[in-house]
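Comments concern the structure below.
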Amino acid sequence: MNKLIYSLIGALALFTAKAQPPSLPATKKSPVTDTYFGKKVVDNYRWLEDVNNPDVKAWFKAQGDYTNAMLDQIPGRNKLIETFVAYDKLLAVRYSEIKKRGNLYFYRKTLPSEKAGKLYVRAGKTGAETLLFDPSAYDKRKTYLMTGFTPTPDGKKIAIGLQEGGAELSTVRTMDVANHSFGPESITAVFGGGVVWLPDNSSFLYLPNNSTDVKDPKGNLDTKARLHRLGADPKTDAEILSRAKYPDLGIRPDQYPGVFLSDDDSQLYGYLSSVDRRADAFVASPADLTKPTIAWKRLCTPNDSVYSFLKLGNKMFLQSVKGAPKGQILVTDAANPNPATATVLLPEGKKNITSMISTKDFLFVILNDGINDQIRQYDPRTNQWADVPIPFTGSMGIEPYDAPRSNEVLTYVTSWNNPGTAYDYNPETRKLVVSTFHVPMNYPGVSDLVVEEIEIPGHDGTMVPLSLIYKKGLKKDGNNVCFMTGYGAYGSSATPYFSRRNLALLNKGVILAETHPRGGSEKGQTWYKAGYKTTKPNTWKDFISSGEYLIKNGYTSAGKLIGEGTSAGGILIGRAITERPDLFAAAISNVSCSNALRMEDSPNGPVNVPEFGTVKDSTECMALYEMDAFQHVKEGTKYPAVLCVGGMNDPRVIVWQPGKFAAALQNASTSGKPVLMLVNYDNGHFTEDKEVTFRNFANQYAFALWQAGHPDFQPAKEVVKK
């Protein structure tokens, strides 16, 4: 047996008929009453928000221990891990994040026997590869992962982001590519480890958090973009863009002031990031980086409704939704960009414009029909449009190898039942060839998968897309376990993707239902705004309607329907089970936003105000109350089985959000079905570590399949006690 299987299973308690779980920890109620614009709201578990309190730490530890003991008794759980490992082994090698500098190709490479990827370089696409950096060997006393890497323009140095414990706040180190030696730089708390090198190869721009503690409420507020010169003390790094230095720019405390360069290095951009997709940006000359202050000029405001912009030659291209809910491409003079006077290059059509990128000479635009993508290219030199001739349908992506200096791109396509193909594409010749970095994938059962793309009536008559994947020969007799998932936030669409974890469920006869509720962008910005702030109830009502359709048409039944929501999808699943607890056998509330009224009081809460709203506004406050699953838990209700999942190192959704939801459900439910709180101490919002990831999702799936009655996941009756 593969040694990775041993290490994974060895970390888990094996099922035995004699095992007995401890008692479920009791959770005290300590009511706190808030009044929001005349509405009194009681919070019985406010005390759990003090995550540094010893009593709170003990509560999470006890909850986690109890949950692990229960999960350890589910017989199919370890078999799922074995399946994940076996499917992972079928992909001989995985390449990602391929970046070209000169003739050097830098990339992340992961083997089946490895928990996470390593950094390699090769001269030419088919040259001999050299291992540059192995994060597992960086410090044997700790477990490190590589969040990202960025080579200098000349390829002689590389910045590497190092992560510990899934926190996503990385330490940036710099390495000399020729001798693999680290420089003196060690810059902490950089989200994702990302940097922007200047063209002289001796300096980079970066945006650090104020604290390495993901639970620090001030860690994300009033951050400052900085410039680091190699060899200098990071404490002396110049402040490039911040609210404190440029009070007249109107920067909010919750905005992240990122700074980057145009592909040709001729313009400097300041970008105020938040969850609001509309760009809030400034432009300046890179020469100003040597001056005490930068002469920032307004490029666009949120009212311009520009989703993205890029400079190509002497033109600036804008992806805009102003007056065009499905998107349009505008063009303006790069030397004096003005969205108000920009002309239309690609008008709004039937398909959504989802993104655009550029290479040395070409602009690429990705369009989506609600499910499947199309890529078009534009040559400004000839004013000609053409389709990129990808031979399959599904989700498509395109990544330049070296945008400023080359037209060569890596493009790929994948779908619900197609593991995908990666191609090298030359837009000059429009020739598409299977890439050197493509690795053939052949997984069991894929050829037997059926895909249905349908629309079902929502609660108000609106037709809602629904994607179904299942094995051939499905009987619509209501006896199938169905795993239904959804998100519906930030305008993020659920486009087709291939998942080996999903395949493990599909090959066990489980139906996978991917919902497309309002709040995503499947039907353009109108669809997004129909599940946003005051219209947010449409998100979980569309999810409920999808479940009702599946039951009514015999795909599954209420006793076999599993609902799942992750992160912002926690609003969807939390409100779905509090509004319709009878509809589900089990629910997974994964790293979930479950207490919307209190999100603003979490470290990552203020930056999410543009998406969900603020308690400081009467209308938005009531909308937050309506989307708050925790506040809609009612005593004496028969709730389905629920597994709440939280990461102790999660910088996006603090662990007390799912924790409070679990506590409320445990004390309120009268169904006799388990409500568990899974606490991950070696994970954040997610992690690259395969060992941790496989265990985490096997726990989630096993719990849900147990409660939905799947025969492979039923513990002996004398072992599991309610």
Within 45° of the axis and under 6.0 Å from the centre of the six-membered ring of Tyr138, does NZ or CZ of Arg173 qualify?
no
Say whether, by atom type as modelled, one donor and one acceptor occur between the side chain of Asn210 and the main chain of Lys218 under 3.5 angstrom.
yes
I'd like to know whether the aromatic ring centres of Phe282 and Tyr271 sit less than 6.0 Å apart in this structure.
no
Determine, step by step, whether Ser181 and Asn179 satisfy the side chain to side chain donor-acceptor pair (under 3.5 Å) criterion, reporting the C-alpha distance in whole Å, the side-chain angles of both residues, the deciding distance to 0.1 Å, and the verdict.
CA-CA 5 Å; Ser181 63; Asn179 58 28; 2.5 Å; yes
Go through the steps to decide whether Leu169 and Phe191 satisfy the test side-chain contact (heavy atoms from CB on, under 4.5 Å), and finish with yes or no.
CA-CA 5 Å; Leu169 296 181; Phe191 194 83; 3.8 Å; yes
Donor-acceptor pair, side chain of Asp265 and main chain of Pro199, under 3.5 angstrom:
no
On the ring face of Phe697, is Arg501 found with NZ or CZ under 6.0 Å from the centre and within 45° of the axis?
yes
Report yes if the distance between the aromatic ring centroids of Tyr105 and Tyr401 is under 6.0 Å, otherwise no.
yes
State which residue, out of Asp254, Asn608, Asn604, fulfils the side-chain contact (heavy atoms from CB on, under 4.5 Å) condition with Val275.
Asn608
Strictly below 4.0 Å, N to O, side chains only: are Lys109 and Glu129 in salt-bridge contact?
yes
Take atom CG of Asn442 as the centre, draw a 6.0 Å sphere, and report whether it contains more than 12 heavy atoms from other residues, nucleotides or ligands.
no
Just checking, any donor-acceptor pair under 3.5 angstrom between side chains of Thr354 and Asn368?
no
Below 30° counts as parallel, above 60° as perpendicular, anything between as tilted: where do the rings of Phe362 and Phe364 land?
tilted
Would you check if Lys118 and Leu131 make a side-chain contact, meaning some heavy-atom pair closer than 4.5 Å?
yes
Taking the six-membered ring of Phe149, is NZ or CZ of Lys99 closer than 6.0 Å to its centre and within 45° of its axis?
yes
When you compare the side chains of Gln255 and Asp280, does any donor N or O come within less than 3.5 Å of an acceptor on the partner?
yes
Between the side chains of Asp213 and Ser211, does any donor sit under 3.5 Å from an acceptor?
no
Name of the residue among Arg122, Lys100, Glu97 meeting side-chain hydrogen bond (donor to acceptor under 3.5 Å, both in side chains) with Tyr107
Arg122
Can you list the residues that meet the side-chain hydrogen bond (donor to acceptor under 3.5 Å, both in side chains) rule with Ser274, with sequence neighbours excluded?
none
Would you call Arg381 and Asp379 a salt bridge, using N to O less than 4.0 angstrom?
yes
From CA spacing to verdict: side chain to side chain donor-acceptor pair (under 3.5 Å), Gln377, Tyr425
CA-CA 11 Å; Gln377 67 180 55; Tyr425 178 65; 2.5 Å; yes
Checking Phe133 against Phe182 for the ring pair (Phe, Tyr, Trp, His ring centres under 6.0 Å) test, could you report, in this order, the C-alpha distance in whole Å, the side-chain angles of both residues, the deciding distance, and whether it holds?
CA-CA 10 Å; Phe133 178 64; Phe182 280 110; 5.6 Å; yes
Checking side-chain contact (heavy atoms from CB on, under 4.5 Å) for the pair Lys690/Asp88: CA distance, chi angles, key distance, verdict?
CA-CA 9 Å; Lys690 289 189 291 186; Asp88 184 65; 2.7 Å; yes
Taking atom types as modelled and ignoring hydrogens, do the side chains of Ser567 and His685 form a donor-acceptor contact shorter than 3.5 angstrom?
yes
Please determine, by modelled atom types, if Tyr269 and Gln267 share a side-chain donor-acceptor pair under 3.5 angstrom.
yes
So, do Tyr144 and Asp139 sit near enough that their side-chain heavy atoms are less than 4.5 Å apart?
yes
Do Asp689 and Thr687 pass the side chain to side chain donor-acceptor pair (under 3.5 Å) test, and can you show the C-alpha distance, the side-chain angles, and the key distance before you say yes or no?
CA-CA 5 Å; Asp689 189 320; Thr687 179; 5.4 Å; no
Taking ring pair (Phe, Tyr, Trp, His ring centres under 6.0 Å) as the definition, give me every residue that meets it alongside Phe392, ordered by chain and number, with sequence neighbours left out.
none
Between Asp264 and Lys360, does any side-chain N to carboxylate O distance fall below 4.0 Å?
no
Could you check Thr147 against Leu162 for side-chain contact (heavy atoms from CB on, under 4.5 Å), going step by step and ending with a plain yes or no?
CA-CA 6 Å; Thr147 52; Leu162 292 172; over 6 Å; no
Please check this pair: side chain of Thr359 against backbone of Leu363, looking for a donor-acceptor N/O pair closer than 3.5 Å.
no
